[in-house]
Participant: 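Right, I'll just put the structure down here and ask away after.
Quantities reported herein were computed from a predicted structural model and do not represent experimental measurements.
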Amino acid sequence: MGIVGNLTPEQLQSFNSQGFLVMESFASPEEIEAMRKRMDQLLHDFDPSTAASIFSTKNQLKLTNEYFYESAEKISFFFEEKAFDDDGNLKQPKALSINKVGHALHEIDPVFKEFSCSEKISSLLFSLGYKRPVIIQSMYIFKQPGIGGEVSPHQDNSFLYTDPKTCTGLWLALEDATVVNSCLWAIPESQKNGLVRRFIRGEDGVYFDQPSPSYDQKDFVPIEVKAGSLVVIHGDLIHQSFENQSPNSRHAYSWHVVDTDGCKWAEDNWIKRKVEPKALYAS
């Protein structure tokens with residue numbers, strides 16, 4: 001397969017230095033509309049009573065149920081923590097109550113698969129040195145107005161560990177992302193300090209093997225981007241997003257890639273697939 005890298009030397013240098021790279025206008029307006037319309041349809045068809053799992057990256061105890069584990073190879077729906085009242089009823093329509101949909105959109109849904117596995121993604125990964133990349137998870141993230149939950153400072157390699165480490169996060173803005181509606185924030189060059197902890201799946205559930213370090217919020221910079229921009233995120237980069245207290249949503253599509261050539265998927269990662277993921281290419 002004759003793949004040609006699509007990153008310039010300057011882009012590669014910036015990514016290796018800063019730990020992230022913004023690629024503006026990576027997705028066309030038509031591609032954005034197709035993904036947003038498809039998600040509208042998936043939400044319309046979803047029956048909330050079939051999934052009582054509340055997703056929160058702050059309270060990992062809620063992630064220990066089978067619904068979460070099985071989502072690795074399904075399209076599953078996760079609610080915001082603040083979506084329910086004291087009686088367990090949704091406070092607002094389901095379309096405004098979902099935190100995210102994951103984790104196999106890239107594999108199961110034709111619209112998301114077409115974009116996730118497109119030639120421009122393969123070219124990007126080829127530029128980054130991937131030999132046999134697979135997409136290991138994907139998520140549609142809503143950041144609902146008023147209740148869109150915060151995502152604590154983290155590194156993607158914590159959750160999707162290979163030996164040696166090979167995870168790269170791809171984060172596509174489907175709406176403009178600003179400091180007002182909770183864009184990404186990152187500590188530039190923090191990937192150079194290595195991985196600080198891992199997220200382990202044990203017999204009794206999932207847990208971090210180390211407590212979270214404390215970070216100085218002054219070290220974070222906002223990554224404000226227009227819809228269609230792709231943010232490429234090094235697996236060891238420390239990044240976060242705050243609760244969305246604005247009246248506007250901040251939809252994004254995020255997916256993560258690891259290599260399968262010359263590295264090993266950790267058996268104690270939360271994702272334990274029954275079927276091996278298909279490589280985007282082999283070089």
Participant: Tell me which pairs pass salt bridge (charged side-chain N to carboxylate O under 4.0 Å, His left out) where either residue lies in residues 243-256, with sequence neighbours left out.
Facilitator: K82-E243
Participant: Do M35 and V111 make a side-chain contact, defined as non-hydrogen atoms from C-beta onward lying under 4.5 Å apart?
Facilitator: yes
Participant: Apply ring pair (Phe, Tyr, Trp, His ring centres under 6.0 Å) to H239 and list each qualifying residue two or more places apart in sequence or on a separate chain.
Facilitator: H154
Participant: In chain order, what residues pass the salt bridge (Lys or Arg N to Asp or Glu O under 4.0 Å) check against K113, with sequence neighbours excluded?
Facilitator: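 Result, salt bridge (Lys or Arg N to Asp or Glu O under 4.0 Å) vs K113: none returned.
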Participant: In sequence, state the C-alpha distance, the side-chain angles, and the governing distance for L170 and I233, and then conclude on side-chain contact (heavy atoms from CB on, under 4.5 Å).
Facilitator: CA-CA 6 Å; L170 303 172; I233 302 170; over 6 Å; no
Participant: Report the distance from atom CG of N269 to atom CZ of F159, rounding to the nearest 0.5 Å.
Facilitator: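 It comes to 11.0 Å.
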Participant: State which residues pass ring pair (Phe, Tyr, Trp, His ring centres under 6.0 Å) with Y253; sequence neighbours excluded, sorted by chain then number.
Facilitator: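 Scan of Y253 (ring pair (Phe, Tyr, Trp, His ring centres under 6.0 Å), adjacent residues dropped) gives F112, W255.
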Participant: Set out, in order, the CA-CA distance, both residues' side-chain angles and the distance that settles side-chain contact (heavy atoms from CB on, under 4.5 Å) for I121 and V257, then state yes or no.
Facilitator: CA-CA 10 Å; I121 294 297; V257 177; 5.6 Å; no
Participant: Using every non-hydrogen atom in the two residues, find where C183 and P222 come nearest and quote the distance to one decimal.
Facilitator: SG-CB, 4.0 Å
Participant: What I'd like to find out is whether the side chain of V206 reaches to under 4.5 Å of the side chain of I200, using heavy atoms alone.
Facilitator: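 Not touching, per the 4.5 Å side-chain cut-off.
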Participant: Holding to side-chain contact (heavy atoms from CB on, under 4.5 Å), I want the full list of residues that pass it with N193, two or more places apart in sequence or in another chain.
Facilitator: none
Participant: Using a 4.5 Å cut-off between side-chain heavy atoms of Ile, Leu, Val, Met, Phe, Trp and Tyr, which other residues end up in the same hydrophobic cluster as V179?
Facilitator: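 V180, W185, I187, V196, Y215, F220, I238, F242, all in the cluster of V179.
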Participant: N6: what forms a side chain to side chain donor-acceptor pair (under 3.5 Å) with it, not counting sequence neighbours?
Facilitator: none
Participant: Can you list everything that forms a salt bridge (Lys or Arg N to Asp or Glu O under 4.0 Å) with E189? Sequence neighbours excluded, please.
Facilitator: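 E189: salt bridge (Lys or Arg N to Asp or Glu O under 4.0 Å) contacts with K192.
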Participant: Relative to each other, are the rings of F46 and F79 parallel, tilted or perpendicular (30° and 60° limits)?
Facilitator: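 Plane angle between 30° and 60°, so tilted.
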Participant: I need the minimum non-hydrogen distance between L125 and P133, along with the two atoms involved.
Facilitator: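 Result for this residue pair: CD1-CB, 4.0 Å.
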Participant: Flag yes if more than 12 heavy atoms outside K226 fall under 6.0 Å of its NZ atom; otherwise flag no.
Facilitator: no
Participant: I'd like to know whether S241 forms a side-chain contact (heavy atoms from CB on, under 4.5 Å) with K143, so could you lay out the CA-CA distance, the side-chain angles of the two residues, the decisive distance to 0.1 Å, and finally the verdict.
Facilitator: CA-CA 10 Å; S241 63; K143 271 296 188 201; 3.0 Å; yes
Participant: Taking all heavy atoms of A173 and all of I32, pick out the closest pair and write down the distance.
Facilitator: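 So the two residues come closest at O-CD1, 4.4 Å.
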Participant: Answer with yes or no whether the side chains of K264 and T162 bring together a donor and an acceptor at under 3.5 Å.
Facilitator: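 No - no donor-acceptor pair under 3.5 Å links their side chains.
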Participant: With no hydrogens and no angle check, just 3.5 Å: does a side-chain donor-acceptor pair link S158 and R198?
Facilitator: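 No.
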Participant: Test side chain to side chain donor-acceptor pair (under 3.5 Å) on Q137 and E73 and set out the steps.
Facilitator: CA-CA 9 Å; Q137 71 172 23; E73 293 176 270; over 6 Å; no
Participant: Which residues satisfy the side chain to side chain donor-acceptor pair (under 3.5 Å) test with R197, sequence neighbours excluded?
Facilitator: none
Participant: What's the separation between atom CD1 in I141 and atom CZ in F78, rounded to the nearest 0.5 Å?
Facilitator: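 Between atom CD1 of I141 and atom CZ of F78 there are 12.0 Å.
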Participant: Report the hydrophobic cluster partners of L195, with the cluster defined as I, L, V, M, F, W, Y residues connected by side-chain heavy atoms closer than 4.5 angstrom, directly or transitively.
Facilitator: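 Its cluster partners, ordered by chain and number, are Y161.
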Participant: Hey, does the Lys NZ or Arg CZ of R201 hover above the aromatic six-ring of Y69, less than 6.0 Å from the centre and inside 45° of the axis?
Facilitator: yes
Participant: Please name the pair of heavy atoms, one in S123 and one in I3, separated by the smallest distance, quoted to 0.1 Å.
Facilitator: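 Of all heavy-atom pairs spanning S123 and I3, the closest is CA-CG2, 3.9 Å.
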Participant: Does E80 come within less than 4.0 Å of K100, counting only side-chain N to carboxylate O?
Facilitator: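 No, E80 and K100 are not salt-bridged.
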Participant: With side chain to side chain donor-acceptor pair (under 3.5 Å) as the criterion, how do H106 and S116 come out once you've worked through the C-alpha distance, each side chain's angles and the decisive distance to 0.1 Å?
Facilitator: CA-CA 6 Å; H106 65 281; S116 308; 5.9 Å; no
Participant: Evaluate the side-chain proximity of I135 to C117: yes if any heavy-atom separation is below 4.5 Å, no if none is.
Facilitator: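 Yes, at least one pair of side-chain atoms sits under 4.5 Å.
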Participant: Apply ring pair (Phe, Tyr, Trp, His ring centres under 6.0 Å) to F142 and list each qualifying residue two or more places apart in sequence or on a separate chain.
Facilitator: Y140, H251
Participant: R38 and E33: salt bridge (Lys or Arg N to Asp or Glu O under 4.0 Å), yes or no, with the steps?
Facilitator: CA-CA 8 Å; R38 179 58 184 149; E33 184 182 18; over 6 Å; no
Participant: Any Lys/Arg nitrogen of R273 or E107 sitting under 4.0 Å from an Asp/Glu carboxylate oxygen of the other?
Facilitator: yes
Participant: Do the non-hydrogen side-chain atoms of K91 and S97 ever get within less than 4.5 Å of each other?
Facilitator: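 Side chain of K91 against side chain of S97, heavy atoms only: no contact under 4.5 Å found.
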Participant: Taking F68's backbone N and O only, do any of them form a donor-acceptor pair with S71's side chain (distance below 3.5 Å, no angle check)?
Facilitator: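 Present.
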Participant: Would a line drawn from the ring center of H256 to the ring center of W171 be shorter than 6.0 Å?
Facilitator: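 Judged by ring-centre distance (under 6.0 Å), H256 and W171 do not meet the cut-off.
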Participant: How far does OG of S190 sit from CZ of F20, to the nearest 0.5 angstrom?
Facilitator: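 The distance works out to 9.0 Å.
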Participant: Please name the pair of heavy atoms, one in R132 and one in A282, separated by the smallest distance, quoted to 0.1 Å.
Facilitator: CG-CB, 4.3 Å
Participant: Out of curiosity, L124 CG to L230 CG, how far, rounded to the nearest 0.5 Å?
Facilitator: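 Interatomic distance, L124 CG to L230 CG, rounded to 0.5 Å: 6.5 Å.
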Participant: Please report the C-alpha distance between L280 and V134 in whole Å, then the side-chain angles of each, then the deciding distance to 0.1 Å, and finally whether the side-chain contact (heavy atoms from CB on, under 4.5 Å) criterion is met.
Facilitator: CA-CA 6 Å; L280 293 175; V134 301; over 6 Å; no
Participant: More than 12 foreign heavy atoms under 6.0 Å from CD of E114: is that the case here?
Facilitator: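 Result for CD/E114: open.
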Participant: Show the numbers, then the answer: is there a side chain to side chain donor-acceptor pair (under 3.5 Å) between D236 and N157?
Facilitator: CA-CA 6 Å; D236 280 346; N157 273 327; 2.9 Å; yes
Participant: Determine, using the 4.5 Å side-chain heavy-atom cutoff (strictly less than), whether I147 and L96 are members of one ILVMFWY cluster.
Facilitator: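 No, separate clusters.
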Participant: Does one side chain, of S249 or E175, offer a donor that lies under 3.5 Å from an acceptor on the other?
Facilitator: yes
Participant: Report the residues that fulfil ring pair (Phe, Tyr, Trp, His ring centres under 6.0 Å) with F26, sequence neighbours left out, ordered by chain and then residue number.
Facilitator: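 Not a single residue meets the ring pair (Phe, Tyr, Trp, His ring centres under 6.0 Å) criterion with F26.
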Participant: Distance only, no hydrogens: is a donor on one side chain within 3.5 Å (strictly under) of an acceptor on the other, for N244 and S246?
Facilitator: yes
Participant: Just do the salt bridge (Lys or Arg N to Asp or Glu O under 4.0 Å) check on D259 and K131 with the steps written out, would you?
Facilitator: CA-CA 7 Å; D259 216 337; K131 298 207 165 40; over 6 Å; no
Participant: Would you check if the distance from the ring center of Y281 to the ring center of Y130 is below 6.0 Å?
Facilitator: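 So the answer is no for these two rings.
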Participant: Would you name the heavy atoms of Q18 and P188 that are closest together and state the gap between them?
Facilitator: OE1-CB, 3.3 Å
Participant: Kindly compute the distance separating CG (L21) from CG (L7), expressed to the nearest 0.5 Å.
Facilitator: 6.5 Å
Participant: Calculate, to the nearest 0.5 Å, the distance between atoms OG1 and CG belonging to T178 and N248 respectively.
Facilitator: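 With rounding to 0.5 Å, OG1 (T178) is 8.0 Å from CG (N248).
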Participant: So with a 6.0 Å cut-off around CD of Q217, is the heavy-atom count from everything else above 12?
Facilitator: yes
